[in-house]
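Step one of this worksheet: look at the structure below.
Chain identifiers are assigned alphabetically (A, B, ...) following the order of the sequence lines, protein sequences preceding nucleic acid strands; residue numbering begins at 1 within each chain. Computed from a predicted model, the values in this text were never measured in an experiment.
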Amino acid sequence: MARYLFSKFFYMLVSIFVLATVTFLLMKAIPGDPFMSEKAVPPEVQAKLMAQYGLDKPVMEQYGIYLNNIIHGNFGVSMKMQNQEVSKVVAESFKYSLRLGLVSIVVSVIIGVGLGMIAALKHRKLMDNVAMVLAVIGISVPSFVLASFMQYLLGVKWMVLPVAGLDGPLTYIMPVLAMSALSIAFIARLTRSSMLEVLSADYIKTARAKGLKNISILFKHVIRNGIIPVVTYLGPLTANVLTGSIVIEQIFGISGLGKIFVYVITNRDYPMIMGITLFYGIILMVARFLTDLSYGLIDPRIKLNAGKEG
Amino acid sequence: MTKRKSLLLILSLIVVLGTVLAGCGNSSKNESSTGTEQTGSGAETAVKKGGTFKMNLHAEPPTLDPALAQDNISGTVLNALYAGLADLDADGKPQPAAAESWDVSEDGKKITFHLRKDGKWSNGDPVTAHDFEYAWKHVLDPKAQPAAPYAYQLFYLKNAENYNAGKGDAASVGVKATDDYTLEVELANPTPYFISLTSFYTFLPVHKSAQTNPKWAADANTIISNGAFKMTAWQHNGSIELAKNENYFAQDKVNFDKVNLAMIDSSATELSMYQTNQLDYSGGPTGEIPSDQIPTLQKSMPDEFKIQPYASIYYYVFNNKAEPFDNAKIRKAFAMSIDRKQIVEKVTLGGQVPAYGFVTPGVMGENKQFREEHSDTELLSENVDEAKKLLAEGMAEKGYTKLPTITLIHNQGDGHKKVAQAITDMWKQNLGVDVKIESQEWGVFLKNRTNGNYQIARSGWGADYSDPMTFLDMWVTKAGNNDSFFSNAEYDKLINEAKATNDQKVRMDNFAKAEKILMGDNQAVLPIYYYTNVRLVKQNVKDVYIDFSGNVHFNNAYFTK
């Protein structure tokens with residue numbers, strides 16, 4: 001286990017290093033700088049600004065300084081939002097993305113597993129078809145279409161829900177639904193097929209033959225075995241929720257990390273772009289890692305031994 | 001397996017980042033705007049004291065330090081927070097604010113401002129002339145961290161440019177508080193519009209606590225202001241909350257108790273919020289109304305929909321040093337062969353005004369607006385036959401039998417693309433010329449344009465101050481913003497003369513002559529339209545107006561009963 005954790009951690013570090021380097025190079029490859037505007041800044045002022053932020057140094061030197069700062073946990077100060085520290089901005093805005101993300105993960109899992117179970121238990125009946133039609137819709141309609149549609153219908157036309165913001169229980173409904181539609185559909189399909197498989201397995205037949213109650217078979221055996229693919233999906237789901245939130249946050253005017261990410265890229269705010277990219281990277285890797293660990297908890301057959309995992 | 005997973009993860013992250021980078025258009029709103037107009041008559045309607053005014057800023061203000069501001073989002077907030085020496089009224093005329101009066105010397109190079117004695121900061125401290133002196137010198141300070149990008153707005157002051165370049169000391173700069181309530185200003189050249197400049201954010205005072213806390217402007221708790229409102233909350237990238245400043249000298253004229261400034265960058269969301277009463281004001285210059293919605297909104301809410309021109313121009317710049325536009329006749333032929341009325345009525349739809357000159361309506365001339373005193377119709381006329389003739393002549397002069405390939409570049413954006421398509425169609429139809437269109441990402445585009453790596457490029461310009469100089473001094477030889485590389489000795493001379501005199505008649509005559517050289521004779525650029533500002537204002541909101549640099553003023557606005 002320790003060896004497994006160690007190697008996992010090592011690869012995470014390598015990944016972060018590669019991520020940091022590639023982001024840095026991409027930043028340098030695109031033209032423009034944080035101080036560009038339609039009205040040209042006088043060259044002396046521009047030069048002064050570049051010097052103050054160390055952008056006049058050779059690229060390799062900038063890269064060295066950048067890496068050194070990261071190692072010391074110093075992500076710098078935004079170049080466009082005056083005097084605002086990158087870590088503070090990330091912390092402040094991630095609060096909103098996190099709340100939105102957690103709620104939509106929970107909602108996706110509950111509704112998704114629920115729908116999947118209903119579909120599996122009522123296999124080839126009306127409920128199964130209804131659940132699967134919903135799932136197809138969820139998978140095929142992009143979240144931003146769903147978001148704009150709901151915003152228009154529920155917000156503007158019927159005025160039952162607030163159209164923007166994230167400051168009350170009601171404001172969560174539309175963004176969460178828009179964000180989790182895809183994952184609900186995906187989870188529902190996963191649950192349905194894996195439950196169908198489990199339901200026809202020999203040990204379930206044995207359990208039935210022993211005269212166990214349906215309900216206890218369901219909770220003791222079927223769900224526990226049928227849910228593994230869903231757990232596997234939680235890692236990608238986290239990634240989905242994080243990257244998907246970029247669009248959703250724009251549409252619903254939520255001041256989360258995704259909304260800021262787009263803004264800082266357009267404005268070439270180098271320290272912010274780096275900070276957020278690394279932060280996303282770390283979050284995604286940690287999510288992966290936790291998913292791997294959770295296999296062991298749910299299915300005792302999977303043992304996390306170094307080199308042989310998966 | 002793990003290795004492959006992490007690698008995959010990184011790759012996908014890079015792809016996402018790359019896509020975002022590639023897909024990013026120019027969302028920054030760089031063209032500052034101008035213009036003055038009163039929203040409501042306000043005279044007979046009953047004023048309701050109090051209430052919360054809600055509008056959208058579109059994005060986080062890049063800074064709330066007046067020294068560092070250079071955009072109209074910051075400007076709008078700063079306008080509410082601070083009172084400069086003078087303030088612009090709805091007609092664009094400077095009115096006494098923090099200064100109750102001023103005297104201008106005979107030669108126009110010395111101005112003495114007399115500050116009002118009851119001016120106070122939001123924490124109760126008196127506003128003194130020293131606060132102004134400190135603020136202005138801080139903007140110019142060569143060691144300021146970070147350097148003020150708009151420092152050149154203060155280069156009107158004597159020795160300011162030298163000091164900013166590190167070549168002089170602060171004491172030599174032409175601004176001095178002779179006592180707590182007297183500010184003496186010495187100018188390098190006579191500047192008739194200097195009084196109206198003092199309302200501009202770069203000239204606003206800052207509280208002395210700024211001297212000890214360099215990060216004061218990033219947090220609501222440390223922002224001490226002297227204007228109509230004070231800041232009570234600033235949730236970064238979320239919203240800003242302002243409350244009436246009870247220490248403001250003219251607080252009896254401030255009607256709103258609170259102002260809520262949202263930061264929604266999707267124009268569709270902004271419109272939805274307006275329609276559901278989450279906003280009282282939507283649209284330009286800080287916000288935006290989706291252009292495809294304009295015709296519908298104009299019909300469905302005629303009482304709330306407002307269009308007004310403002311001092312900003314949309315134009316194409318010719319690279320005067322690149323073939324085939326190094327020939328004036330060819331430039332003229334291109335400028336004469338498009339139908340601007342068609343463009344504003346069928347393509348842009350925002351009620352824009354066709355432009356034939358370069359100085360926009362809204363900036364002051366000698367007595368009236370410059371454009372009223374000197375019409376732009378003599379500078380350029382649309383005439384296809386004449387254009388064809390000029391093109392043939394120009395081609396003969398250059399010895400062409402066929403024009404070289406021409407490419408038009410614009411920064412990403414649906415609006416820019418539609419205009420470019422319409423114009424290239426007109427060239428094709430009227431001149432038989434094929435012009436390729438290329439859309440470029442904002443940073444790439446700017447770099448190409450400044451470096452002269454283009455033939456025709458989209459451009460926009462808004463007034464920094466209410467004087468034709470703001471549109472004309474950018475075209476002198478080697479000026480920082482002269483992307484056309486137009487160079488004309490006579491033109492340079494006229495502008496330099498205008499800079500050296502206080503005689504408004506001479507100045508305006510020179511501007512008229514210079515504009516004729518720039519547009520009429522040489523057609524260095526191709527004007528398309530004067531911008532308009534499209535916005536929605538709830539019917540119960542009165543007296544919100546926009547000043548020459550596109551800042552929204554709501555300090556004296558009110559709700560009706």
Validation row: A:Val89, B:His236 side chains within 4.5 angstrom (heavy atoms): no

Pair count under 4.5 Å, heavy atoms only, with chain A: among B:Pro142, B:Ala479, B:Ser74, highest is B:Pro142

Those residues at least two apart in sequence (or on a different chain) that pass side-chain hydrogen bond (donor to acceptor under 3.5 Å, both in side chains) with B:Ser484 are B:Asn482

Please look at A:Tyr96 and chain B and tell me whether the side chain, the backbone, both or neither of the residue comes under 4.5 angstrom of a heavy atom of that chain. side chain

Given the options A:Leu49, A:Val163, A:Leu166, which has more heavy-atom pairs under 4.5 Å with chain B than any of the others? A:Val163

Whether over 12 other heavy atoms sit under 6.0 Å from B:Glu161 CD: no

Spell out the residues in residues 253-260 of chain A that have some non-hydrogen atom less than 4.5 Å away from a non-hydrogen atom of chain B, in order of number; otherwise answer 'none'. A:Gly253, A:Ser255, A:Lys259, A:Ile260

Other residues, nucleotides and ligands only: do more than 12 of their heavy atoms fall within 6.0 Å of OH on A:Tyr152? no

Which atoms of B:Gln275 approach chain A - backbone, side chain, both or neither, heavy atom under 4.5 Å: both

Using non-hydrogen atoms and a 4.5 Å limit, figure out which bit of B:Ala217 sits close to chain A: side chain, backbone, both or neither. neither

Gap separating the NZ atom of A:Lys88 from the CG atom of B:Asp219, nearest 0.5 angstrom: 5.5 Å

Between B:Met273 and A:Ala164, the two heavy atoms sitting closest are SD-CB, 3.5 Å

Looking only at the side chains, is there a donor atom on one of A:Glu92 and B:Gln235 sitting less than 3.5 Å from an acceptor on the other? no

What part of B:Ala144 lies closer than 4.5 angstrom to a heavy atom of chain A: side chain, backbone, both or neither? backbone

d(B:Ile264 CD1, A:Phe252 CZ) to nearest 0.5 Å is 11.0 Å

From A:Gln84 CD over to B:Glu60 CD, what is the distance, rounded to the nearest 0.5 angstrom? 5.0 Å

Could you tell me which residues satisfy side-chain hydrogen bond (donor to acceptor under 3.5 Å, both in side chains) with B:Lys167, sequence neighbours excluded, listed by chain and number? none

Nearest-0.5 Å distance that lies between atom OG1 in B:Thr276 and atom CH2 in A:Trp158: 15.5 Å

Qualifying residues under side-chain hydrogen bond (donor to acceptor under 3.5 Å, both in side chains), relative to B:Ser282, sequence neighbours excluded: B:Glu270

Go through the atoms of A:Tyr53 and report whether side chain, backbone, both or neither lie under 4.5 Å from a heavy atom of chain B. side chain

Taking side chain as C-beta onward, heavy atoms only, is A:Ile251 less than 4.5 Å from B:Ser266? no

Please determine, among B:Asn277, B:Asn237, B:Asn164, the option with the most heavy-atom pairs under 4.5 Å with chain A. B:Asn237

State, yes or no, whether a side-chain contact exists between B:Lys215 and A:Glu85 at a heavy-atom distance under 4.5 Å. yes

Could you walk me through whether A:Gln151 and B:Thr269 pass side chain to side chain contact (heavy atoms under 4.5 Å, CB included), step by step? CA-CA 8 Å; A:Gln151 195 176 46; B:Thr269 305; 3.6 Å; yes

Got a second to check how far B:Ser239's OG is from A:Asp167's CG, nearest 0.5 Å? 8.5 Å

